[in-house]
Structures are given as structure tokens and as C-alpha cells.
Amino acid sequence: METVLKTPGRSTRELILRLEQESGTRISLCYQCGKCTAGCPAALDMDYGPRQVIRLLQLGLAEEALRAGSIWICATCNTCSSRCPRGVDIAALMDALRRQALARGIVTDRQVATFNQVFLNQVRRFGRLFDAGLLMEYNLRTGQLLKDVEMGLPMLKRGKVRLLPDRIKDRKQLEEIFAQVRNRRGEP
Amino acid sequence: MMRIAYYPGCSLETSAKEYGDSTRWVARMLGVELQEIPDWSCCGATSAHSSDHLLSLALPSRNLALAEKEGLDVLTPCAACYNRFRAAEYQVRRDQTLRQEIREILGIDYQAGNHTISVLELLVDRVGLESIAARVTRPLAGMKVACYYGCFLVRPVSITGFDDPENPMSMDRLMKTLGADPVAWYLKAECCGAGLTTTRPEVGLRMAGEILKNALESGADCIVTACPLCHMNLDMRQGQVQRRLPMERSLPVYYITELVAAALGAEPEEVGVQRHFVEAVRYLKELPGEADAAETDRGGSGQA
């Protein structure tokens with residue numbers, strides 16, 4: 001098959017611009033040296049390494065980048081960004097990719113996205129994190145009922161886990177913060 | 001008396017209870033008054049910044065704004081909270097439009113005029129190593145310790161900026177002040193695997209294993225950290241790591257404030273060291289002492 005070079009379409013250009021704005025970085029700065037991937041502690045388990053994710057964006061293959069499993073493996077340790085000789089904020093870009101993937105409903109790793117969703121639901125309802133509830137709901141929703149159950153009793157014995165959530169007083173304000181953010185989402 | 005707003009965050013009251021207890025103990029001994037932020041709420045951690053940018057700034061800002069009303073800077077012992085607070089104050093401070101937006105979302109006239117500090121900054125910069133040295137009554141003589149900074153305390157440099165992101169040394173200097181013998185190792189600022197130990201155990205446990213392995217290879221008998229997430233991965237999950245990566249011996253993992261408290265005269269149980277998963281009280285009570293420390297000094301911490 002013949003390879004034809006072409007300019008990315010309008011929706012792709014808009015998506016890339018949005019990713020650049022949100023992460024405050026420029027994709028075109030990257031000269032593909034690979035220092036990010038070399039230092040990434042999670043790269044070993046990624047489909048596309050950080051350098052390749054940037055390359056996909058440079059090539060206008062934004063959809064492919066949004067589907068990369070690596071954006072959900074990135075732990076935001078910021079090693080890549082702090083080492084990049086061209087000042088590309090790769091970690092911020094990974095963050096922006098995760099948010100865009102979420103907004104567009106293309107989530108290739110349900111585990112991490114579900115964890116985040118359950119976590120934030122708790123914050124909205126209680127104002128604080130309720131570990132036991134978080135793990136139970138996460139296990140239920142990901143169908144791994146026995147995950148980490150062996151930690152439960154030892155945590156309890158060590159006084160490291162609450163059986164009931166700790167609620168803040170001004171939960172109304174928390175609801176309001178979440179509602180306000182929801183209303184503003186999608187606006188430039 | 002130094003006064004500072006105290007943000008325990010969700011972990012210091014549950015899974016990292018000993019970090020909270022030892023922080024309060026150390027603050028009391030060093031004459032730092034901790035004023036807990038009334039009705040504080042969760043910082044949103046990684047879940048917020050992975051899901052919504054504005055939410056990730058609004059959640060820490062609510063707490064910063066509550067402390068600002070009292071005219072106080074904020075102490076966040078949890079490194080993850082610290083990182084989110086610093087990110088929020090940094091962005092809100094330099095962007096007027098964003099500041100207005102956050103004010104509207106919170107319904108509070110937040111100016112981003114106050115600052116967040118970590119326990120490490122409190123001890124090294126505000127209290128000072130000389131004044132800590134003067135209060136040491138039980139030096140941690142002979143303790144071979146790997147000072148583990150992880151990610152959140154030192155990166156991104158633009159928002160943390162108090163130590164070097166590649167070879168931070170402030171915790172090493174603090175440990176020397178306490179009489180311990182920090183080892184030189186290269187994964188001191190590497191990621192512990194963070195939440196991946198929960199969501200992607202095969203990835204997260206491999207990462208935690210790398211840290212433990214490098215500490216062990218470098219001659220450390222224990223690790224010291226300032227992050228509940230790192231502690232959870234290295235201490236609570238050390239058994240899970242060892243099932244994949246057998247270790248010659250287990251490594252106790254201490255919170256920075258537990259070691260300061262011990263050197264200042266606290267019994268380990270007083271500050272909660274018995275709550276760890278890897279037995280950590282015995283090593284602290286039976287430190288090798290001066291002689292052994294002098295003998296191994298030639299290896300020392302060659303990075304200083």
C-alpha cells in the first residue's frame with residue numbers, strides 16, 4: 001500500500017490544540033530523543049511509551065493517542081517532564097489525554113477510570129475519602145470481589161481503617177463545587 | 001511559638017494514623033502550633049486531576065481559602081496532598097482569570113496569598129537543623145537508612161522547588177542531624193507505583209519492588225518516607241511484593257516524623273510505629289550504635 005502524507009483534519013487539529021492549551025505545552029517542541037521513555041518507571045508496561053504518544057500527536061493520530069493504554073498507566077510522577085531537554089510537559093499532556101478520553105467516552109482502561117470515579121463520588125458525598133467504602137465499591141464495579149480482602153482485618157487491627165465514613169459539615173458546599181465545575185465543563 | 005494551619009488529609013486519620021500522631025508529637029516538641037483547618041475536605045488527589053482540571057484546583061483551594069481567612073500558611077504532611085495544594089496555589093496565583101473562576105466556584109474571596117509547606121520544609125527550613133540537633137536526646141546511631149523522596153515532594157520543580165528533583169538531599173541532611181547514616185542510592189526520587197498497586201497490581205508492585213530492591217542493594221536496613229501512598233506501597237504491600245520478588249530480609253519503612261520523634265526521645269509505640277505491617281519497633285529500639293556506624297562510615301553517603 002502506498003503511504004500518502006496528509007495534513008490532519010480540522011477536528012484532529014482542534015483536539016490537539018485543546019490538549020496543548022490544557023497542558024500548557026507544545027507538541028511540536030519534541031525532537032523524539034526518548035529521554036522521557038528511558039526514565040519512565042512505568043514504560044515497561046506501556047503499549048506506546050511517552051515518546052511514542054507524543055509522536056502519534058505530531059503525526060495527527062490523536063484518536064490513536066486517546067486509545068493508548070499508556071495514558072492510564074502513567075502515574076503522573078513527572079520524571080519525564082522534569083527531564084525533557086525541550087521543556088515539553090509530557091505528564092501534563094498525559095493528564096489532558098486522560099480527561100479528553102473520559103470526556104469522549106473512549107476509555108481503554110476501565111480499572112483506573114472506575115477507581116477515579118468512585119473516589120470522586122465519595123468526595124462529593126462525604127467531603128472526605130472513605131477507604132473501606134472506596135475499595136468495596138471499586139471491587140464490586142470491577143468484578144474483583146476478593147481483591148485486597150486479606151488487607152482488611154490487619155488494617156482494622158492496626159486502627160488504620162474506619163467502618164463508617166467521616167462526613168464534613170458543609171457538604172452542601174462540596175455539592176455546589178461539583179455542580180459548578182460540571183456546569184463550566186466544555187467551556188473554553 | 002510558630003503557628004501554622006494543619007491539613008491532615010484523609011490518610012493521616014486512617015491508613016497513615018502513625019504519620020498524623022508523630023507529626024503532632026514532633027510539632028509539640030519543636031514549639032510549632034498546629035491549627036487544624038476547620039471542616040477541611042479532601043484534596044481530590046490523582047483522581048481529580050485525571051478527571052477534571054478545574055475540580056483538581058477547586059478542591060485544594062477550598063482548604064487553602066479556609067486557612068487564608070486565618071492568615072496562615074498550611075502544613076500538609078501527606079506528599080500527595082502537598083503536591084495538589086502547591087499545584088492549585090501556583091496556578092491560581094499567577095492566573096487572574098482562573099482566580100476569579102475559582103472564587104466563583106468556591107463562593108469565597110480566595111487570594112492565593114498563603115503557602116503550603118511539607119513536613120520536610122517545616123523541619124529543614126522553618127524550624128532549622130540546628131534547633132533540631134539541640135533537642136536530640138537519643139541519636140539514631142548506626143541506622144542505615146535510605147531516604148526516599150518519591151515524586152510528589154520534588155516534582156514538578158516549578159511548583160515544589162525546595163530541593164533537587166534528581167538528587168534531593170534535605171531528608172539526608174535531616175537524618176544525619178538525628179545521628180543516622182543515610183545510604184547513597186539512585187531510586188530515591190523514583191515513583192513507588194502510586195495507585196497502580198490497586199488498579200494495575202502487576203505494574204504497581206513491580207515499581208514498588210524496584211524501590212525496595214535498590215534500597216536493599218545499597219546497604220540500607222530501613223527506608224524513611226514522607227508520603228502515605230509510598231508508605232502503603234512499601235510497607236503494607238511489602239508482603240505482596242516479596243511474593244513476586246523474594247527479598248533476603250524485610251525492610252522497615254518509617255515516616256520521617258516517627259524518626260524525628262524517636263531521636264527526640266519518644267518511645268516508638270508512643271507515635272504509632274507498632275501499627276506498621278513490617279515489624280519496625282524492634283530495629284528502632286536496638287539500633288547498632290556508634291561503633292558500627294563509624295566502621296561503615298567509609299561507604300557513607302557519598303552523594304553529599
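In the text below, chain A, chain B and the rest are named by the order of the sequence lines, each starting its count at 1.
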Exercise. When only pairs under 4.5 Å are counted, which of B/S51, B/A189, B/P165, B/G107 shares the most heavy-atom pairs with chain A?
Worked result: B/S51

Exercise. Heavy-atom distance under 4.5 Å to chain A: side chain of B/E18, backbone, both or neither?
Worked result: side chain

Exercise. Between B/T197 and chain A, which part of the residue has a heavy atom less than 4.5 Å away: side chain, backbone, both or neither?
Worked result: backbone

For this session: Can you tell which part of A/V112 gets under 4.5 Å to a heavy atom of chain B, answering side chain, backbone, both or neither?
Result: both

Problem set entry | Most contacts with chain B, counted as non-hydrogen pairs under 4.5 angstrom, among A/Q122, A/Q180, A/E150 | A/Q180

Seminar exercise, completed: So SG of A/C84 and CD1 of A/I90: to nearest 0.5 Å the spacing works out to 4.5 Å

Seminar exercise, completed: Whatever's closer than 4.5 Å to a heavy atom in chain B on A/K157 counts as neither

For this session: Measure up the B/F85 and B/Y7 rings against each other and bin them: parallel (under 30°), tilted (30 to 60°), perpendicular (over 60°).
Result: tilted

Problem set entry | Between B/Y82 and B/F152, ring centroids under 6.0 Å | no

For this session: If the plane angle is over 60° it's perpendicular, under 30° parallel, otherwise tilted; pick one for A/F119 and A/F115.
Result: tilted

Problem set entry | Atom group of A/S81 that falls short of 4.5 Å from chain B, counting heavy atoms | neither

Exercise. Going by atom types alone, do B/N83 and B/R86 pair a side-chain donor with an acceptor below 3.5 Å?
Worked result: no

For this session: Indicate yes or no: does A/E175 engage A/R171 in a salt bridge with an N to O separation below 4.0 Å.
Result: no

Exercise. Taking all non-hydrogen atoms of both residues, which atom of A/T37 and which atom of A/R51 are closest, and how far apart?
Worked result: OG1-N, 3.0 Å

For this session: For B/T198 and B/R237, work out which heavy atoms get closest and say how close.
Result: OG1-NH2, 3.4 Å

Exercise. If you count heavy-atom pairs under 4.5 Å with chain A, which of B/R206, B/M207, B/M236, B/E190 comes out on top?
Worked result: B/R206

For this session: Let me know if A/Q144 has heavy atoms under 4.5 Å from chain B in its side chain, its backbone, both or neither.
Result: neither

Problem set entry | Contact class of A/L135 relative to chain B, heavy atoms under 4.5 angstrom | side chain

For this session: Compute the centroid of each ring, for B/Y255 and then for B/H231, and state whether the two points are separated by less than 6.0 Å.
Result: yes

Problem set entry | Option in B/L106, B/D52, B/T46 with maximal non-hydrogen atom pairs under 4.5 Å from chain A | B/D52

Seminar exercise, completed: Nearest heavy-atom contact between B/E13 and B/G9 is CG-O, 3.9 Å

Problem set entry | Proximal component of A/L174, with respect to chain B [non-hydrogen, under 4.5 Å] | side chain

Problem set entry | Stacked cation flag B/R200 on A/W72, 6.0 angstrom / 45 deg | no

Seminar exercise, completed: Residue from A/V161, A/D170, A/T142 scoring the most non-hydrogen pairs under 4.5 Å with chain B is A/D170

Problem set entry | Greatest number of heavy atom pairs closer than 4.5 Å to chain B - which of A/K147, A/Q100, A/E22 | A/K147

For this session: Against chain B, label A/Y138 side chain, backbone, both or neither, depending on which of its atoms sit under 4.5 Å from a heavy atom there.
Result: side chain

Problem set entry | Residue, of A/L102, A/D89, A/D148, that accumulates the most heavy atom pairs under 4.5 Å with chain B | A/D148

For this session: May I ask you to name which of A/N116, A/I73, A/T79 has the most heavy-atom pairs under 4.5 Å with chain B?
Result: A/N116

Problem set entry | Closest-packed option against chain A by number of heavy-atom pairs under 4.5 Å, given B/E210, B/K17, B/E202, B/H53 | B/H53

Exercise. In terms of heavy-atom pairs under 4.5 Å with chain B, which of A/L120, A/I71, A/D131 leads?
Worked result: A/L120

For this session: Give the member of B/C191, B/S15, B/C10 that has the highest number of heavy-atom pairs under 4.5 Å with chain A.
Result: B/S15

Exercise. Given B/T225 and B/Y254, is the side chain to side chain contact (heavy atoms under 4.5 Å, CB included) satisfied, shown in steps?
Worked result: CA-CA 6 Å; B/T225 176; B/Y254 299 100; over 6 Å; no

